[in-house]
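One structure is given here, and the rest of the page talks about it.
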2 protein chains.
Amino acid sequence: MGTTEEKPRGRDAGARVTISDVAGALGLTKSTVSRAMNSYPDISEATRLRVRRMAEKMNYHPLSHAQAIKTGRTRSLGLVLQFSDHDSHRPFLAEFLAGLSAGASAEHWTLTVAAADSDASMIETFREMLRDGKADGFVLPRAMTEDPRVKFLSSAAVPFVLYGRHATAKGAAWYDILGEQAMQDAVAHLAKLGHRRIGFINGGAQYCYAPLRLAGFREGMRDAGLPVDEDLIESNAVTLADGERAGDRLLTRPNPPTAIVCAVDFAALGVYRAAAGRGLVIGRDLSVIGYDGIPEGAYAMPPLTTFTVDNRAAGERLAKLLIRRVRGEDPELLRETTTATFVERGSTAPFRGSI
Amino acid sequence: MGTTEEKPRGRDAGARVTISDVAGALGLTKSTVSRAMNSYPDISEATRLRVRRMAEKMNYHPLSHAQAIKTGRTRSLGLVLQFSDHDSHRPFLAEFLAGLSAGASAEHWTLTVAAADSDASMIETFREMLRDGKADGFVLPRAMTEDPRVKFLSSAAVPFVLYGRHATAKGAAWYDILGEQAMQDAVAHLAKLGHRRIGFINGGAQYCYAPLRLAGFREGMRDAGLPVDEDLIESNAVTLADGERAGDRLLTRPNPPTAIVCAVDFAALGVYRAAAGRGLVIGRDLSVIGYDGIPEGAYAMPPLTTFTVDNRAAGERLAKLLIRRVRGEDPELLRETTTATFVERGSTAPFRGSI
DNA sequence: CTGCGTTCCGAAACCGGTTTCCGCAACAAA
DNA sequence: TTTGTTGCGGAAACCGGTTTCGGAACGCAG
């Protein structure tokens with residue numbers, strides 16, 4: 001007790017170790033420690049190592065918001081969810097978030113999420129997050145061909161990465177799954193099973209993936225030497241109800257398809273209902289292949305043959321790409337793709353004759 | 001351009017307006033502006049208003065990370081998701097996040113999310129987020145009776161709010177849905193339809209809601225003057241597969257139930273499969289009531305009668321409660337409940353005789 | 001031995017806020 | 001008039017970092 005008074009250190013017991021503590025322990029100034037930690041060239045290799053080691057030993061971690069006040073950067077990724085979006089992305093959200101968070105925290109970044117209920121409020125949300133320094137860049141799920149987010153962020157020179165390829169955005173970094181290849185493979189698989197009349201139900205027309213997947217379908221038909229009947233192509237089906245309607249239309253054609261490729265699993269499950277309504281048994285009278293790998297597909301009767309997408313990996317890669325983008329790398333070089341994984345379950349079977 | 005050189009203001013065009021700008025515009029010092037903005041008592045009402053108005057006019061928003069360096073608080077809510085959790089919470093996630101984000105941004109707070117894949121790494125994640133000042137408090141979804149998160153955060157004196165009531169956590173704030181009342185109402189509804197042998201399939205035993213919902217079921221049976229057959233009570237069913245197994249067990253009893261109340265929608269959908277496997281038609285031979293309001297329930301055949309929970313509202317309330325908690329309010333006073341909403345669909349029907 | 005260029009680090013300003021301390025002016029009481 | 005109070009706002013330190021600037025120490029050529 002006596003006269004020695006402890007400097008109060010806030011409520012938490014673990015007195016935070018600051019850059020000055022590290023500097024003091026080494027007999028250096030905090031400016032030297034700062035430059036050593038940030039690999040400035042005017043710090044010798046020897047002291048750089050000495051500082052790094054001491055920082056490690058003392059468990060020193062710079063406060064990102066203390067750095068931000070000078071640098072303007074927070075080491076934080078922004079994600080703005082479109083709340084009014086259709087249901088179909090929701091099951092992915094948990095895994096996608098887990099991936100983003102994992103990719104971010106591996107580099108000691110964090111993930112800040114916000115929700116908006118319209119395009120306008122989404123832009124406003126971007127603006128606020130930027131003004132308040134809450135995010136250094138943004139992850140944009142579900143790239144759209146006319147994407148107001150891309151427009152705004154590009155013109156504001158704010159770093160972003162797209163989940164999905166964008167044809168016209170020049171300086172855009174992205175990560176994407178080769179959905180067109182999956183569609184192509186789906187057709188090939190069905191053709192090998194003997195199907196010749198194959199329908200296609202595409203997803204949301206506003207998304208970048210839609211034209212790609214349709215092209216993949218056509219490519220697959222061409223490869224298999226099958227003619228494309230334009231009457232067997234539906235589009236804009238992202239929900240179960242959409243899929244049911246589209247399936248109904250296809251199955252009431254004069255010469256209905258014996259197999260249907262769907263760009264979205266939910267639509268495929270809608271086709272299940274359309275088939276059930278007409279007394280057709282999926283996996284016997286009608287083959288269906290989906291895309292996405294939603295959990296409901298595995299539980300459906302019969303289990304849905306589909307292409308699964310690793311959304312966790314996508315999130316992780318997107319986080320890392322965005323971090324590199326924020327650090328100034330050329331966006332054109334920050335582009336990655338991967339493939340979906342074919343999972344054969346019970347909704348596909350050899351051709352047994354026309355319906 | 002001559003000698004007048006613009007002070008570079010970072011990459012963004014909109015030069016940030018700082019507290020000094022506001023002070024300068026009013027002929028005050030920044031300390032006065034700061035105290036005026038924060039309602040210090042030693043600033044006169046007149047200047048307080050003058051400052052507030054000028055801040056508004058100049059569109060001044062203090063940088064939370066600049067404040068944080070002195071105050072230690074970031075105005076940010078933390079949410080750590082348990083990645084390895086069973087699927088059942090995923091469909092809620094989007095709405096829950098939207099609610100949290102809405103509640104947070106209404107007070108100019110933000111939401112920082114991280115993911116962990118085990119209890120240990122979750123605690124470690126808390127620790128890191130606190131050390132780095134990434135969150136001032138946490139939202140804990142799915143309260144458990146033995147909750148390591150509660151233990152850790154309580155002992156570290158970190159503010160948190162639970163989604164779900166916790167019996168033993170003394171200083172805990174929470175928000176919860178009265179699931180027990182829903183269960184009670186479910187029984188009452190079935191009893192009114194003439195059912196006398198009613199089974200119950202409970203959810204995850206580790207969660208706080210499980211004993212409550214069971215008690216609600218018993219209460220409902222007592223109200224209806226029905227005896228509880230302990231053989232018709234199953235527990236720990238949170239997934240579709242769990243529900244199917246539990247349903248199988250119930251339906252193979254010597255004297256099976258004609259109606260089943262499920263604490264979790266997924267389990268109810270599992271009962272659908274158990275029934276289908278035995279040739280029973282839900283909504284005719286067997287009545288089922290679920291709880292949660294998952295979208296799949298509405299699409300099931302027949303559509304599931306259930307209690308829907310407004311997860312968006314829950315998130316919004318939780319965010320506001322946590323903010324008040326961080327500001328120092330008594331946690332015992334920060335407790336709210338609401339009720340689930342009964343939605344009668346096709347899975348319930350009058351009693352027609354034993355199975 | 002001087003002069004010069006490097007290498008490397010310390011000193012100090014700075015970022016945008018908060019908070020403590022202090023003093024001035026006005027007013028009331030003596 | 002003098003002496004306290006009280007109300008109110010300025011001055012300056014501070015938070016934990018980053019960055020600019022300058023100079024000491026050293027090596028090397030002349």
Side-chain angles (χ1 to χ4, degrees), chain A residues 7-12 14-51 54-55 58-75 108 131-134, chain B residues 5 7-12 14-52 54-55 58-75 108 131-134:
Chain A
K7 197 201 290 186
R9 276 296 196 171
R11 57 174 179 213
D12 29 9
R16 184 181 299 291
V17 28
T18 72
I19 196 172
S20 300
D21 298 333
V22 177
L26 289 167
L28 297 172
T29 61
K30 59 178 191 169
S31 76
T32 304
V33 173
S34 171
R35 281 171 298 165
M37 295 294 292
N38 294 300
S39 302
Y40 273 55
D42 63 347
I43 299 294
S44 74
E45 184 65 12
T47 43
R48 200 178 66 80
L49 282 176
R50 217 157 59 94
V51 168
M54 180 58 82
M58 297 178 73
N59 197 27
Y60 165 65
H61 295 263
L63 284 173
S64 66
H65 55 255
Q67 305 178 293
I69 178 182
K70 194 86 218 273
T71 64
R73 266 176 284 118
T74 307
R75 293 205 307 268
H108 297 102
R131 161 166 61 59
D132 298 346
K134 294 296 193 177
Chain B
E5 208 164 333
K7 197 200 292 185
R9 276 295 196 170
R11 55 172 180 218
D12 28 6
R16 183 181 299 293
V17 29
T18 72
I19 194 171
S20 300
D21 297 333
V22 177
L26 289 168
L28 297 172
T29 62
K30 59 179 190 168
S31 76
T32 304
V33 173
S34 172
R35 281 171 299 167
M37 295 295 291
N38 294 299
S39 301
Y40 272 54
D42 63 348
I43 299 294
S44 73
E45 184 64 12
T47 44
R48 201 178 66 78
L49 281 177
R50 216 157 60 94
V51 169
R52 290 283 177 86
M54 180 57 83
M58 297 178 72
N59 197 27
Y60 165 66
H61 295 262
L63 283 174
S64 67
H65 54 255
Q67 304 178 293
I69 180 182
K70 192 91 220 269
T71 64
R73 267 176 284 116
T74 308
R75 292 205 308 267
H108 297 103
R131 160 165 62 59
D132 298 345
K134 294 297 192 176

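Keep in mind it's a predicted model, so treat the numbers as computed, not measured. Chain letters run A, B, ... following the sequence lines, proteins first, then strands; residues in each count from 1. Excluded from the calculations below are hydrogen atoms, water molecules and symmetry mates; all remaining heavy atoms, backbone and side chain alike, are included.
Heavy-atom distances to DNA chain D give each of B/Leu28 and B/Ile69 a nearest nucleotide, and the one nearer the 5′ end belongs to B/Leu28. Residue order along DNA chain C, read from the 5' end via each residue's closest nucleotide, puts A/Pro41 first among A/Pro41 and A/Ser31.
For the pair B/Thr47 and D/dG9, the criterion of a side-chain N or O lying under 4.0 Å from OP1 or OP2 is met. Taking 4.0 angstrom as the limit, A/Ser44 places a side-chain polar atom (N or O) nearer than this to OP1 or OP2 of C/dC9. In this structure, B/Thr32 does not reach the D/dG9 phosphate: none of its side-chain N or O atoms is under 4.0 Å from OP1 or OP2. For C/dG17, the OP1/OP2 oxygens have a side-chain nitrogen or oxygen of B/Tyr60 closer than 4.0 Å.
The CD1 atom of A/Ile43 sits 12.5 Å away from the CE atom of A/Met37 when rounded to the nearest 0.5 Å. To the nearest 0.5 angstrom, A/Arg131 atom CZ is 6.0 Å from B/Asn59 atom CG.
If you check C/dG16, D/dG10, C/dT19 against the side chain of B/Thr29, the one that comes closest is D/dG10. Among D/dT19, C/dG10, D/dC15, the nucleotide with an atom closest to any side-chain atom of A/Lys70 is D/dT19. With D/dG17, C/dG16, C/dT18 as the candidates, the nucleotide lying closest to the side chain of A/Pro62 is D/dG17. With distances taken from any side-chain atom of B/Gln67 to the nucleotides C/dC9, D/dG10, C/dG17, the minimum falls on C/dG17. Closest contact between the side chain of B/Asp42 and the listed nucleotides D/dC8, C/dT19, D/dT18 involves D/dC8.
When the P atom of C/dG16 is taken as reference, atom CG of B/Asn38 falls 18 Å away, rounded to whole Å. Rounding to whole angstrom units, CG of residue A/Leu63 and C1' of C/dG17 are separated by 15 Å. Between the CG atom of B/Leu26 and the P atom of D/dG9 there is a distance of 11 Å, rounded to whole Å. Across the protein-nucleic acid pair, A/Arg73 atom CZ and C/dC15 atom C1' stand 14 Å apart, rounded to whole Å. The distance between atom CD1 of A/Ile19 and atom P of C/dC9, rounded to the nearest whole Å, is 15 Å. The nearest whole Å value for the distance from the CE atom in A/Met58 to the C1' atom in D/dG16 is 14 Å. The distance between atom OH of B/Tyr40 and atom C1' of C/dT18, rounded to the nearest whole Å, is 6 Å. Atom NE2 in B/His65 sits roughly 13 Å away from atom P in C/dC15 (whole-Å rounding).
Here the closest non-hydrogen pair linking B/Val33 and B/Val22 is CG1-CG1, 4.0 Å. Smallest separation of non-hydrogen atoms from A/Lys134 and B/Thr74: NZ-O, 3.4 Å.
No hydrogens or angles were tested; on distance alone, a donor-acceptor pair under 3.5 Å links the side chain of B/Arg35 to the base of D/dG10. Between the base of C/dG17 and the side chain of B/Lys30 there is a donor-acceptor pair shorter than 3.5 Å.
One N or O on the side chain of B/Arg35 and one on the backbone of B/Ser31 form a donor-acceptor pair closer than 3.5 Å. Judged by distance alone, with hydrogens and angles left aside, the side-chain atoms of A/Arg75 form a donor-acceptor pair with the main-chain N or O of A/His108 at under 3.5 Å.
Heavy atoms of A/Gly133 sit nowhere under 4.0 angstrom from any nucleic acid atom.
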